[in-house]
Q: 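The structure follows.
The analysis underlying the following values was restricted to heavy atoms, covering all of them including side chains, and did not include hydrogens, waters or symmetry mates.
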Amino acid sequence: MNSRFLTPSRQSGIALIVALLLLVVISLVGLSSIRNTTLQERMSANLYDRDLAFQVAESALRAAEAAIAANPEDLVALNGIDCRVSAAACPVVPATTWANDNTNWTNVPAAFQVSAGLVQGVPQYHVAWIGFDSGEEETSGWESAECQQRACPPPIVRPPANFYRVTVRSANPGAVDGRAIVVLQTVVRVNL
């Protein structure tokens with residue numbers, strides 16, 4: 001046997017270099033896993049926060065509908081605005097929706113608040129009276145001879161009604177410290 005291959009002075013140290021490279025690769029994989037886990041945790045927290053804000057906004061819709069049903073003719077009691085007076089003062093989305101401004105916004109009563117201990121701020125609603133339907137009959141040619149031969153359905157008679165556009169927000173943006181805000185909107189018809 002040749003003793004020249006077994007002497008310690010002739011080792012080149014390749015095992016150390018391979019071990020260091022493997023250690024670097026394993027460290028990079030570990031750091032990537034930690035970063036991915038942190039990102040997923042943040043996404044889950046944001047989704048949870050948004051879901052809570054959505055629930056709070058839905059409760060504000062129910063509160064606004066109850067307030068309108070209790071006072072369908074009293075815009076002062078609803079803290080609402082009359083869009084028939086000035087359409088310019090009545091945009092589809094109120095200008096103060098994303099501002100730290102409570103003009104014409106009504107705080108939701110405690111009886112309608114959900115998840116109160118988990119969210120910041122108080123949900124609010126904004127009511128705009130957008131019109132009146134006199135409830136006139138829709139004939140659509142029902143009296144015609146053709147309709148009487150085919151037995152068309154009778155005309156639709158609608159009761160008179162007021163229409164309100166309700167915009168809600170889960171909280172005033174100035175009160176939530178960067179957390180999620182959900183804005184919802186619906187049209188409410190109140191038969192008179």
Q: Quick check on the hydrophobic clustering: are Leu47 and Phe54 connected, directly or via other members, by side-chain heavy-atom contacts under 4.5 Å?
A: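 As far as the 4.5 Å side-chain criterion goes, Phe54 and Leu47 are not connected within one cluster.
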Q: Within the structure provided, determine whether Pro123 and Gln55 are in side-chain contact (heavy-atom separation under 4.5 Å).
A: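 Contact flag for Pro123/Gln55 side chains = no.
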Q: Keeping the roles fixed (side chain from Ser32, backbone from Leu28), state whether a donor-acceptor pair exists under 3.5 Å.
A: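 No; judged by distance alone, with no hydrogens or angles, the pair does not exist.
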Q: As an exercise, state the distance from CG of Leu184 to CG of Leu61, rounded to the nearest 0.5 Å.
A: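 With rounding to 0.5 Å, CG (Leu184) is 5.5 Å from CG (Leu61).
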Q: Would you mind reporting whether Val183 and Thr167 have side-chain heavy atoms less than 4.5 Å apart?
A: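 They are in contact (side-chain heavy atoms under 4.5 Å apart), so the answer is yes.
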Q: To check you understand the geometry: which heavy-atom pair defines the closest contact between Val108 and Tyr125, and what is its length?
A: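 That closest heavy-atom pairing would be CG2-CD2, 4.1 Å.
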Q: Run the side-chain hydrogen bond (donor to acceptor under 3.5 Å, both in side chains) test against Glu58 and tell me which residues pass, sequence neighbours left out.
A: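 In terms of side-chain hydrogen bond (donor to acceptor under 3.5 Å, both in side chains), with neighbours along the sequence ignored, Glu58 is linked to no residue.
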Q: Using only atom types and a distance under 3.5 Å, with no angle test, would you say the side chain of Ser59 pairs donor to acceptor with the backbone of Val56?
A: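 Yes.
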Q: Share the residues that join Ile81 in a hydrophobic cluster, the rule being Ile, Leu, Val, Met, Phe, Trp or Tyr side chains under 4.5 Å apart at the heavy-atom level.
A: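 Its cluster mates, by chain and number: none.
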Q: Taking the hydrophobic residues Ile, Leu, Val, Met, Phe, Trp and Tyr, and joining any pair whose side-chain heavy atoms are under 4.5 Å apart, which ones share a cluster with Val92?
A: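 Its cluster partners, ordered by chain and number, are Val93.
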Q: Would you kindly confirm whether Leu22 and Ile14 end up in one hydrophobic cluster when ILVMFWY residues are joined by side chain heavy atoms under 4.5 Å apart?
A: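 Same hydrophobic cluster.
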Q: What verdict does the side chain to side chain contact (heavy atoms under 4.5 Å, CB included) test give for Leu23 and Leu21, after you've listed the backbone C-alpha separation in whole Å, the side-chain angles of each residue and the deciding distance to 0.1 Å?
A: CA-CA 5 Å; Leu23 184 62; Leu21 285 175; over 6 Å; no
Q: With clusters built from Ile, Leu, Val, Met, Phe, Trp and Tyr whose side-chain heavy atoms come within less than 4.5 Å, directly or transitively, what are the remaining members of the cluster of Leu16, listed by chain and number?
A: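 Cluster partners of Leu16: Leu20.
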Q: Give every residue pair that meets the salt bridge (Lys or Arg N to Asp or Glu O under 4.0 Å) criterion with at least one member in residues 23-43, sequence neighbours excluded.
A: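 Matches after skipping sequence neighbours: none remain.
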Q: Donor-acceptor pairs under 3.5 angstrom involving side-chain atoms of residues 169-182: please list them, not counting sequence neighbours.
A:
unit_1 : atom_1 : unit_2 : atom_2 : d
Arg169 : NE     : Gln124 : OE1    : 2.7
Arg169 : NH1    : Thr96  : O      : 2.8
Arg169 : NH1    : Thr97  : O      : 2.9
Arg169 : NH1    : Ala99  : O      : 3.4
Arg169 : NH2    : Asp101 : O      : 2.9
Arg169 : NH2    : Asn102 : OD1    : 3.3
Arg169 : NH2    : Gln124 : OE1    : 2.7
Ser170 : OG     : Val182 : N      : 3.0
Asn172 : OD1    : Gly174 : N      : 2.9
Asn172 : ND2    : Asn100 : OD1    : 3.2
Asn172 : ND2    : Asn102 : OD1    : 2.8
Arg179 : NE     : Asp49  : OD1    : 3.0
Arg179 : NH2    : Asp49  : OD1    : 2.6
Arg179 : NH2    : Leu118 : O      : 3.4

Q: Heavy-atom distance under 4.5 Å between the side chains of Thr106 and Val127, does that happen here?
A: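 Counting from C-beta outward, Thr106 and Val127 never come under 4.5 Å.
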Q: Identify the two heavy atoms, one from Asn104 and one from His126, that lie closest to each other, and give their separation to 0.1 Å.
A: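 Scanning both residues completely, I find the closest heavy atoms to be O-CD2, 3.2 Å.
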Q: Roughly how far, to the nearest 0.5 Å, is the CG atom of Leu31 from the CG atom of Asn36?
A: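 Taking CG in Asn36 and CG in Leu31, the distance rounds to 12.5 Å.
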Q: Is there a chain of hydrophobic side chains (I, L, V, M, F, W, Y, each step under 4.5 Å between heavy atoms) that links Leu52 to Val114?
A: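 Yes.
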Q: Start with the C-alpha distance between Val168 and Gln185, add both sets of side-chain angles, then the distance that settles side chain to side chain contact (heavy atoms under 4.5 Å, CB included), and finish with yes or no.
A: CA-CA 6 Å; Val168 299; Gln185 192 172 68; over 6 Å; no
Q: So, does Trp129 use its side chain to make a donor-acceptor pair with the main chain of Gly131 at under 3.5 Å?
A: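 Answer holds: yes.
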